[in-house]
Amino acid sequence: MPKTESLLLYNTLKREKQVFVPQDPERVTMYACGPTVYNYAHIGNARPAVIFDLLFRVLSSLYPKVVYARNITDVDDKINASAAEEGVPIEVISRRYSDAYHEDMGALGVGLPSIEPRATEHIPQMIDMIEHLIASGHAYEVEGHVLFSVESFDAYGALSGRDVSEMLAGARIEVADFKRHPGDFVLWKPSVDPQPGWDSPWGWGRPGWHLECSVMSEYHLGETIDIHGGGQDLVFPHHENEIAQSVCAHGGKTFARYWMHNGFVTFNKRKMSKSLGNTLVVHELLKHTRGEVLRYLLLSAHYRQPLDWSEEALARVQRTVDRVYGVIRDAEAKFGPLKAASSPSGEFMSALLDDLNTPEALAELNSEARRLANAKDIEDARISAGRLLAAAALIGLFQQDPQSWLAGDTQGLDDALIDALIEERNASREQKNFARADEIRDQLQEMGIVLEDSADGTRWRRS
RNA sequence: GGCCAGGUGGCAGAGUGGUUAUGCUGCGGCCUGCAAAGCCGUCUACGCCGGUUCGAUUCCGACCCUGGCCUCCA
């Protein structure tokens, strides 16, 4: 693959990398499937949030205007179940967990999208789309349900590579007997009392899951959008169904021009999922791991590859992040404040432009860090640091003050005490009283403080 | 069964038809009072079998293995 100035994206629809050409360079549109807010996000849920945040950043560096919509699914049977269990309205549940989602993703350096539409705020538009689909013969009402007819859409199965006629041939799942085709899916379903519902031409009910993305994407971004993303497990049926709804509702117009899907976070090579009981909740991880480390870890494998989670991987990344911060700190101690250049190196950009090759981009960033550590004069330091910090800013890493990062959370520790001990140790070293000096070093070590001596004095960081 | 990924050095993880990925770890060295941090060097890498080629880890075919989707799922 030659170095390129263009952005290449792997399009699930074509199963190959393609040069990204926006529909309208003045307004690039992207949509990513966001969370269903019925509990805390796990690290697997965080992967697409980080990946599409990165894509948003990269696109924004390339085009004057990028509109990124990431929905919040706030009406769903799991939310209903959670609300019923606690005896509270669904809004309490959805509000609590969407707030938590923002907080947790924020800790991972994930910014807010341009638009964050909620399903419950688009019920009228959903009803409107359903009416269009019924009128055009793509949907039918039966027993208070409205179903999409997959046989009415020739291209059904194109994204996931499935053949409708062969589909569900050996279906083990129970198929509601009112479906004309076992693959038909719900656009609207009736609600009974404790469940949330809205009035509609088909009675009191609530929308099917797939519908919201089609509707909100159209409402906020337009009938044809540039990029649609989500986890690999959404390819079928979710995204396949979104395509069917949107294309049929829009008279055959393309729904999304590029489809991107991230691989899973795995645990012992198995997909992390609630049913396997092997999820790690971000909210919990953040209690002992800083968000930036998690972000680096999530970017350390290519987004389409599986990312196997392990404590070793976490520790490894922790060290790497510390090392780069240490290099920046040392360089600033030697050369004074350093700041980001106007743009990262060409190599770094090429890596990102090649379908968001973050491992290669991080390799480049690390190489730049080594060049910075080796800088002989302020000129070298400025060039390397400029590239390093510009690259880091683009991907949302290394934005904190290095010394603060390395000092970490010295909860309960008294900085003045640390400084006093360091001073005493250095005085002892002056007097060649190394026994006392080492005793102090050991004492600090036990407090979780590691000392680093240099020509410019002694620095410390949390171990 | 259908469809889709992937098997790279001690580990993680990119990439490439012939040349250094990068990170972590181990080992040797520099630096240091000794360390730590940093730097330098270093450790028989490309699942198996065929084929194409002057040359394949990289292209083609078969095989073995792993994982995912086909049901809610990032």
Side-chain angles (χ1 to χ4, degrees), chain A residues 1 12 15 32-36 38 41-52 76-78 157 160-163 166-175 183 209 229-238 240 261-266 268-276 279 296-297 300-302 304-308 310 312-313 315-324 326-327 329-331 347 351 354 357-370 372-374 406 428-430 432-435 437-438 441-442 445 450-455 458-461 463:
Chain A
M1 195 59 65
T12 307
R15 300 185 193 287
C33 291
T36 299
Y38 68 102
H42 60 73
I43 191 72
N45 298 319
R47 174 121 96 145
V50 168
I51 293 303
F52 294 109
D76 173 272
D77 287 350
K78 277 178 279 200
S160 55
R162 280 156 220 271
D163 185 325
E166 288 176 11
M167 260 179 52
L168 304 172
R172 274 152 276 160
I173 47 161
E174 217 175 309
V175 177
W209 174 45
Q232 241 156 31
D233 47 0
L234 297 184
V235 173
F236 187 90
H238 187 54
E240 197 73 74
H261 294 95
N262 63 273
F264 301 124
V265 174
T266 60
N268 295 326
K269 304 291 183 191
R270 306 298 302 273
K271 178 185 176 184
M272 191 178 281
S273 74
K274 304 226 168 72
S275 56
L276 289 171
T279 60
Y296 192 112
L297 179 55
S300 68
H302 183 82
R304 281 188 280 116
Q305 296 306 127
L307 177 78
D308 199 43
S310 68
E312 301 91 278
R316 198 156 42 211
V317 167
Q318 176 77 250
R319 298 188 77 107
T320 302
V321 174
D322 282 350
R323 180 182 138 274
V324 175
V327 166
R329 178 200 57 183
D330 292 352
E347 289 82 358
D354 184 11
N357 191 336
T358 52
E360 197 175 314
L362 290 173
E364 199 53 47
L365 190 148
N366 275 293
S367 298
E368 204 63 71
R370 179 146 16 107
L372 177 59
N374 278 324
L406 293 166
S428 300
R429 290 170 71 209
E430 288 281 326
K432 309 263 190 244
N433 182 357
F434 297 121
D438 291 350
R441 185 166 65 196
D442 292 345
Q445 172 84 57
V450 178
L451 298 184
E452 296 173 11
D453 295 327
S454 79
T458 300
R459 286 186 286 269
W460 61 273
R461 64 184 172 84
S463 60

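All heavy atoms count here, side chains included; hydrogens, waters and symmetry mates do not. Throughout, protein chains are lettered first and strands after them, A, B, ... in sequence-line order, and every chain is numbered starting at 1.
- Annotation: B:U22 and B:G17 have their C1' atoms spaced 23 Å apart (nearest Å).
- Across A:Arg429 and A:Thr458, no two heavy atoms sit closer than the pair NH1-OG1, 3.9 Å.
- When the P atom is used for both B:C46 and B:U57, the distance is 8 Å, rounded to whole Å.
- The separation of B:G28 from B:U66, taken at their P atoms, amounts to 40 Å, rounded to a whole angstrom.
- The CG atom of A:Asp308 sits 14 Å away from the C1' atom of B:G68 (whole-angstrom rounding).
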>> The test is side chain to side chain contact (heavy atoms under 4.5 Å, CB included); show your working for A:Glu240 and A:Val235 and say whether it passes.
In response: CA-CA 6 Å; A:Glu240 197 73 74; A:Val235 173; 5.5 Å; no
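- The distance between atom CZ of A:Phe236 and atom P of B:C72, rounded to the nearest whole Å, is 9 Å.
- The distance from atom CZ of A:Arg304 to atom C1' of B:A14 is 13 Å, rounded to the nearest whole Å.
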>> Test side chain to side chain contact (heavy atoms under 4.5 Å, CB included) on A:Ile43 and A:Met272; report intermediate values, then the result.
In response: CA-CA 9 Å; A:Ile43 191 72; A:Met272 191 178 281; 3.3 Å; yes
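- The residue among A:Thr320 and A:Thr266 whose nearest nucleotide of RNA chain B lies closer to the 5′ end is A:Thr320.
- Atom P of B:G9 sits at a distance of 9 Å from the matching atom of B:A45, rounded to the whole Å.
- Summarising the geometry of A:Arg47 relative to A:Ala301, their closest heavy-atom pair is NH1-O, 4.2 Å, with the distance given to 0.1 Å.
- Between A:Met272 atom CE and B:G67 atom P there is a gap of 16 Å when expressed in whole angstrom units.
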Using nucleotides 35-38 of chain B, report all nitrogen or oxygen pairs with the protein that are shorter than 3.5 Å.
unit_1, atom_1, unit_2, atom_2, d
B:A35, N6, A:Asp453, OD2, 2.9
B:A35, N1, A:Asp453, OD2, 3.1
B:A35, N3, A:Arg441, NH1, 2.8
B:A36, N1, A:Asp453, O, 3.0

> Going through the distances and angles, do A:Glu452 and A:Arg329 end up as a side chain to side chain contact (heavy atoms under 4.5 Å, CB included)?
Replying inline: CA-CA 12 Å; A:Glu452 296 173 11; A:Arg329 178 200 57 183; 2.3 Å; yes
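- Among the nucleotides B:G33, B:A14, B:C39, the one closest to the side chain of A:Arg370 is B:C39.
- Rounding to the nearest 0.5 Å places CG of A:Asp308 at 3.5 Å from OG1 of A:Thr266.
- Atom pair A:Lys432:NZ and B:U32:P shows a separation of 12 Å (rounding to whole Å applied).
- Position along RNA chain B of the nearest nucleotide to A:Ser300 versus A:Asn45 favours A:Ser300 as the more 5'-ward residue.
- In this structure, A:Arg162 forms a cation-pi arrangement with A:Phe236, its terminal cationic atom sitting closer than 6.0 Å to the ring centre and no more than 45° off the ring axis.
- Contacts of A:Val265 with the nucleic acid, taken as non-hydrogen atoms under 4.0 Å apart, include base atoms.
- For A:Asn366, the listed nucleotide lying nearest its side chain is B:G23; candidates were B:A14, B:G23, B:A74.
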> How far apart are the C-alpha atoms of A:Asp76 and A:Thr36, what are their side-chain angles, what is the distance that settles it, and do they pass the side chain to side chain donor-acceptor pair (under 3.5 Å) test?
Replying inline: CA-CA 7 Å; A:Asp76 173 272; A:Thr36 299; 4.7 Å; no
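- Listed candidates were B:A74, B:A12, B:C69. Nearest to the side chain of A:Asn262 is B:A74.
- Comparing B:A74, B:C70, B:G23 by their closest approach to the side chain of A:Arg316 singles out B:G23.
- Comparing B:A14, B:G67, B:A74 by their closest approach to the side chain of A:Leu234 singles out B:A74.
- Protein atom CG of A:Asn357 is 11 Å distant from nucleotide atom C1' of B:U22, rounded to whole Å.
- Here the nucleotide nearest the side chain of A:Ala363, chosen from B:A74, B:G68, B:A21, is B:A21.
- Separation of the C1' atoms belonging to B:G23 and B:A5 is 25 Å when rounded to the nearest angstrom.
- Applying the ring pair (Phe, Tyr, Trp, His ring centres under 6.0 Å) criterion to A:His302, with sequence neighbours excluded, gives no partner residue.
- Within the 4.0 angstrom heavy-atom criterion, no nucleotide atom of any strand lies near A:His238.
- Summarising the geometry of A:Thr320 relative to A:Asn366, their closest heavy-atom pair is CG2-OD1, 3.9 Å, with the distance given to 0.1 Å.
- For the P atoms, the distance from B:U19 to B:U58 is 13 Å, rounded to whole Å.
- Protein atom NZ of A:Lys269 is 10 Å distant from nucleotide atom C1' of B:G6, rounded to whole Å.
- Nearest nucleotide to the side chain of A:Gln305, out of B:A12, B:G6, B:C39: B:G6.
- Looking at heavy-atom distances under 4.0 Å, A:Ser160 makes contact with sugar-phosphate atoms alone, never a base.
- Look at A:Lys271 and you'll find a side-chain N or O under 4.0 angstrom from OP1 or OP2 of B:C69.
- A gap of 14 Å separates the P atoms of B:A21 and B:U44, to the nearest Å.
- Nucleotides B:C31 and B:C40 have their C1' atoms positioned 11 Å apart, rounded to a whole Å.
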>> Would A:Ser310 and A:Asn268 count as a side chain to side chain contact (heavy atoms under 4.5 Å, CB included) here? Give the steps.
In response: CA-CA 8 Å; A:Ser310 68; A:Asn268 295 326; over 6 Å; no
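- Here A:Ala313 lies out of heavy-atom contact (under 4.0 Å) with every strand.
- For A:Ser300 against A:Leu297, the heavy-atom pair with the smallest separation is OG-O, 2.6 Å.
- Base contact: A:Asp438 has a heavy atom under 4.0 Å from a base atom.
- Residue A:Leu307 contributes atom CG, which lies 22 Å from atom P of B:U66 at whole-angstrom precision.
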> Reading RNA chain B 5' to 3', what string of ( ), [ ], | and . shows its pairs, if Watson-Crick and G-U wobble pairs count only when both distances fall under 3.5 Å?
Replying inline: (((((((..(((.....[...))).(((((.......)))))....(.(((..]....))).))))))))....
